[in-house]
Student: 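Would you mind keeping the following structure in view while I ask a few things?
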Amino acid sequence: MLTLKYITENTDEVIARLAKKRFDGAAIIAQVIELDVLRKATQTKLDNSLAEMNNLSKEIGLFFKQGKQAEAAAAKENTIVLKDNIKIFDDKLSEIEQKLNELLVLIPNLPHASVPEGKHAEDNLVERSGGEIPALFEDAVPHWDLAKKYDLIDFELGVKISGAGFPVYKGKGARLQRALINFFLDNAREAGYLEIQPPYVVNAASGYGTGQLPDKEGQMYHCTIDDLYLIPTAEVPVTNIYRDVILDEKDLPIKNTAYSACFRREAGSYGKDVRGLNRLHQFDKVEIVQIQHPDKSYETLDQMVIYVQTLVEKLELPWRILRLCGGDMGFTSALTFDFEVYSAAQERWLEVSSVSNFENYQANRLKCRFKGADKKTQLCHTLNGSALALPRIVAALLENNQTPEGIRIPKALIPYTGFEMID
RNA sequence: GGAGAGGUGCUCGAGUGGUUGAAGAGGUACGCCUGGAAAGCGUAUAUACGGUGUGGAAUCGUAUCGAGAGUUCGAAUCUCUUCCUCUCCGCCA
């Protein structure tokens, strides 16, 4: 969430910038500021009462020590009213703080100055692109047909076992998955990321820390018996490693990578673009996460984008990078670049990665701070990106590399798959 | 799942109702000492919010001894709830 301090000190600027995200913040921010004034006044009253109480208690203790029972009893009388006041102020303060928090959580992150204006995905800017869109032979088919033809992925079997959106990978299909995961993890390690194996279920505090809760409550699978959530991305457990942590400035940037299965309910997105691997309830992804000094986070964002670019290039896929517009960006992000690869048989671009700088928005919730040489603690900046999400990469790989003789595996991947063709 | 023990600051570790934000030790930082280093000596070493205030100096107040609630004039210390850790038993990959 945004820091209270920033909102109160830059009110007009905040409202203006939120407009780019198509968020009308005027009313809610007015409420926040009003509550903040009330909060300060209430805390001052509470603190004064508590201080008085502490003094009285010390006095009473002294009276008892000196055997002055009468004086002690008299002083006790004075605490009665004070005690009532403390209770009133304390309750009021808690109530104000809770309300304030409820409001702050509703305000999205501020978009970076470079975020383009716009409402929809069509307004995103193509930053740059590369690779070649292949010319397919006449009988080329989409990946779901290829998956069937070569017995790589069984969607119907997944329906039987679990439901729609839970495919079963088989044979070279399964091996291709494993190869991609290892390929991505090895590349990340070589780029300086520490490999992490996180839990796949998290508690509510973690969901809250990275912003999935309460905003996207319905998008996560929830195990109600234990009140745990299946992770929608490794970002959640990995970033929460640094919840309530004060890092040493020397340790920045923190670079972590993790493979995980990802679980998403995708409520409300049935019907469109869900064919084959395009949208699943369970999928595999390798994530990269960085925690960085505020002065360096945009430099880091660029490096992460370039890193992801090297991956799609090694996989010989036609790619493009989009700078997301204000209306299409995520709630918690300040600047996001999406990666898309072209899926030649479907003849459409598929999103395979999203790389974002959250600035201190997540860190403020997480209480992830660092302390530098000046002994001051301040919030870190957090960044993350997919590197990469598997299903759509697989879709594009299958479709783009199909030949009448079989499906060609890109050179960089062959050491990982152990085979050159799917036939 | 059954029985017991415990959760204190960066770490270890005292502390069972009254200046305890918290002894002591270690670690770390700075200073002194030294040709340099070690040892030794000295000093410092949490976070959040609020008040006064300046160049984001400083200073005062409040809270925090796993978390939440309670008893009391007063709780790290007593009671309850809850989470977690450890030991033993059972069960299982």
Side-chain angles (χ1 to χ4, degrees), chain A residues 1-10 32-104 197 199-209 213 223-229 237 240-252 254 293-295 360 363-380:
Chain A
M1 67 182 94
L2 299 175
T3 62
L4 243 183
K5 194 170 184 232
Y6 196 85
I7 293 175
T8 53
E9 288 176 2
N10 307 278
V32 164
I33 288 170
E34 195 185 326
L35 277 172
D36 188 43
V37 171
L38 200 57
R39 180 187 125 259
K40 287 180 184 176
T42 307
Q43 186 175 338
T44 300
K45 285 190 212 167
L46 175 64
D47 283 355
N48 290 341
S49 298
L50 283 169
E52 210 179 316
M53 184 63 111
N54 287 341
N55 287 333
L56 267 176
S57 296
K58 274 178 203 164
E59 265 179 47
I60 292 169
L62 272 178
F63 284 141
F64 276 124
K65 257 187 191 154
Q66 298 164 354
K68 297 177 179 171
Q69 302 296 336
E71 284 88 338
K76 271 196 197 184
E77 289 293 312
N78 294 332
T79 64
I80 295 171
V81 176
L82 208 48
K83 219 178 176 183
D84 284 346
N85 284 340
I86 287 171
K87 173 98 175 109
I88 290 165
F89 293 143
D90 197 22
D91 288 350
K92 194 174 172 193
L93 187 62
S94 307
E95 191 191 324
I96 291 168
E97 283 175 340
Q98 195 193 326
K99 250 192 225 165
L100 205 46
N101 205 48
E102 282 168 10
L103 291 176
L104 286 173
Q197 274 207 28
Y200 290 1
V201 291
V202 294
N203 55 31
S206 294
Y208 180 85
L213 295 175
C223 309
T224 51
I225 294 179
D226 299 299
D227 195 23
L228 293 169
Y229 295 85
N240 271 283
I241 291 171
Y242 306 96
R243 170 154 51 88
D244 291 318
V245 166
I246 299 177
L247 296 158
D248 193 319
E249 187 173 355
K250 292 197 296 282
D251 297 332
L252 299 177
I254 302 276
H293 190 287
D295 294 346
N360 67 18
N364 189 31
R365 284 196 184 196
L366 291 162
K367 297 210 188 69
C368 173
R369 294 159 291 178
F370 71 93
K371 189 184 284 202
D374 58 359
K375 296 271 190 182
K376 294 240 184 250
T377 56
Q378 57 175 313
L379 293 168
C380 300

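Any value given below was found using the heavy atoms of this structure, including those in side chains, with hydrogens, waters and symmetry copies removed. The chains referred to below are lettered A, B, ... by the order of the sequence lines, with proteins before strands, and numbering in each begins at 1.
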Student: Roughly how many Å apart are B:U52 and B:G56, using the P atom of each and rounding to a whole number?
Tutor: 16 Å
Student: Taking side chain as C-beta onward, heavy atoms only, is A:N364 less than 4.5 Å from A:L2?
Tutor: no
Student: To the nearest Å, give me how far apart CG (A:N203) and P (B:U82) are.
Tutor: 18 Å
Student: Any side-chain N or O of A:K83 below 4.0 angstrom from OP1/OP2 of B:G74?
Tutor: yes
Student: Taking the C1' atom of each, how far is B:U19 from B:C73, in whole Å?
Tutor: 16 Å
Student: For atom C1', what is the distance between B:G9 and B:G15, given to the nearest Å?
Tutor: 14 Å
Student: Say you pick atom P in B:U43 and the same atom in B:G50; how far apart are they, in whole Å?
Tutor: 34 Å
Student: Using the P atom as the reference point in each nucleotide, state the distance between B:A76 and B:A67 in Å, no decimals.
Tutor: 12 Å
Student: Taking only side-chain nitrogens and oxygens of A:T377, does any of them come within less than 4.0 Å of OP1 or OP2 of B:A48?
Tutor: yes
Student: Strictly by Watson-Crick or wobble contacts shorter than 3.5 Å, is anything paired with B:G42, and which nucleotide is it?
Tutor: B:C30
Student: If you measure from the P atom in B:A38 to the same atom in B:U79, how many Å do you get, rounded?
Tutor: 50 Å
Student: In whole angstrom, give the distance that lies between atom CD of A:E71 and atom P of B:C73.
Tutor: 18 Å
Student: Need one value for A:K40: base, sugar-phosphate or nothing, where a base atom within 4.0 Å counts as base even if backbone is also close, heavy atoms only.
Tutor: sugar-phosphate
Student: P atom, B:G55 versus B:G66: distance in rounded Å?
Tutor: 42 Å
Student: Between A:L56 and A:R369, which residue's closest nucleotide on RNA chain B lies nearer the 5′ terminus?
Tutor: A:R369
Student: In terms of side-chain heavy atoms of A:I246, which of B:G61, B:G51, B:U47 is nearest?
Tutor: B:U47
Student: To check you understand the geometry: which heavy-atom pair defines the closest contact between A:I60 and A:A72, and what is its length?
Tutor: CG1-O, 4.3 Å
Student: Measure across A:I96 and A:T42 and return the closest heavy-atom pair with its distance rounded to 0.1 Å.
Tutor: CD1-OG1, 3.6 Å
Student: Tell me what A:K367 touches on the nucleic acid: a base, only sugar-phosphate, or nothing, going by heavy atoms under 4.0 Å.
Tutor: nothing
Student: Testing the basics here: between A:G209 and A:L366, what is the closest heavy-atom pair and its distance to 0.1 Å?
Tutor: O-CG, 3.5 Å
Student: When the distance from CG of A:D47 to C1' of B:U52 is rounded to whole Å, what number comes out?
Tutor: 14 Å
Student: Is there a Watson-Crick or G-U wobble partner for B:U85 with both distances under 3.5 Å, and if so, which one is it?
Tutor: B:A5
Student: For atom P, what is the distance between B:G51 and B:C12, given to the nearest Å?
Tutor: 37 Å
Student: Identify which nucleotide among B:C73, B:U62, B:A48 has an atom closest to any side-chain atom of A:A51, counting heavy atoms from C-beta outward.
Tutor: B:U62
Student: Taking CZ from A:F64 and P from B:U72, how many angstroms apart are they, rounded to a whole number?
Tutor: 14 Å
Student: Less than 4.0 angstrom between a side-chain N/O of A:K371 and OP1 or OP2 of B:A46, yes or no?
Tutor: no
Student: If we ignore angles and hydrogens, is there a donor and acceptor under 3.5 Å between the side chains of A:N203 and A:S206?
Tutor: yes
Student: Considering only heavy atoms from C-beta outward, does the side chain of A:L103 approach that of A:K99 to under 4.5 Å?
Tutor: no
Student: Could you tell me whether the phosphate oxygens of B:C49, OP1 or OP2, come under 4.0 Å of any side-chain nitrogen or oxygen in A:R39?
Tutor: no
Student: Should B:A75 form a Watson-Crick or G-U wobble pair with both distances under 3.5 Å, which nucleotide is its partner?
Tutor: none
Student: Could you tell me how far apart A:D244 (CG) and B:A67 (C1') are, to the nearest whole angstrom?
Tutor: 12 Å
Student: Paired with B:A58: which nucleotide, if any, by Watson-Crick or G-U wobble criteria at under 3.5 Å for both distances?
Tutor: B:U52
Student: Look at the side chain of A:L50 and decide which nucleotide, out of B:U47, B:C73, B:U62, has an atom nearest to it.
Tutor: B:U62
Student: Should B:U47 form a Watson-Crick or G-U wobble pair with both distances under 3.5 Å, which nucleotide is its partner?
Tutor: B:A63
Student: Suppose we define a pair by two distances each less than 3.5 Å, Watson-Crick or G-U wobble; what does B:C91 pair with here?
Tutor: none
Student: How many whole angstroms separate atom CD1 of A:I86 from atom P of B:G70?
Tutor: 13 Å
Student: Calculate the interatomic distance between A:E249 atom CD and B:A29 atom P; express it in whole Å.
Tutor: 16 Å
Student: Report the distance from atom NZ of A:K45 to atom C1' of B:G61, rounded to the nearest whole Å.
Tutor: 17 Å
Student: Among the nucleotides B:A48, B:G61, B:G51, which one has an atom lying closest to any side-chain atom of A:T44?
Tutor: B:G51
Student: Answer whether the closest heavy-atom distance between the side chains of A:N360 and A:Y6 falls below 4.5 Å.
Tutor: no
Student: Please determine, for B:U20, whether a Watson-Crick or G-U wobble partner exists with both distances under 3.5 Å, and give it or none.
Tutor: none
Student: Among B:G50, B:G74, B:A48, which nucleotide sits nearest the side chain of A:S57?
Tutor: B:G74
Student: Counting only heavy atoms not in A:E97, do more than 12 sit closer than 6.0 Å to its CD atom?
Tutor: yes
Student: Answer with base, sugar-phosphate or nothing: what part of the nucleic acid does A:N54 contact at a heavy-atom distance below 4.0 Å?
Tutor: sugar-phosphate
Student: Reading RNA chain B from 5' onward, which residue's closest nucleotide shows up sooner: A:I60 or A:A41?
Tutor: A:A41
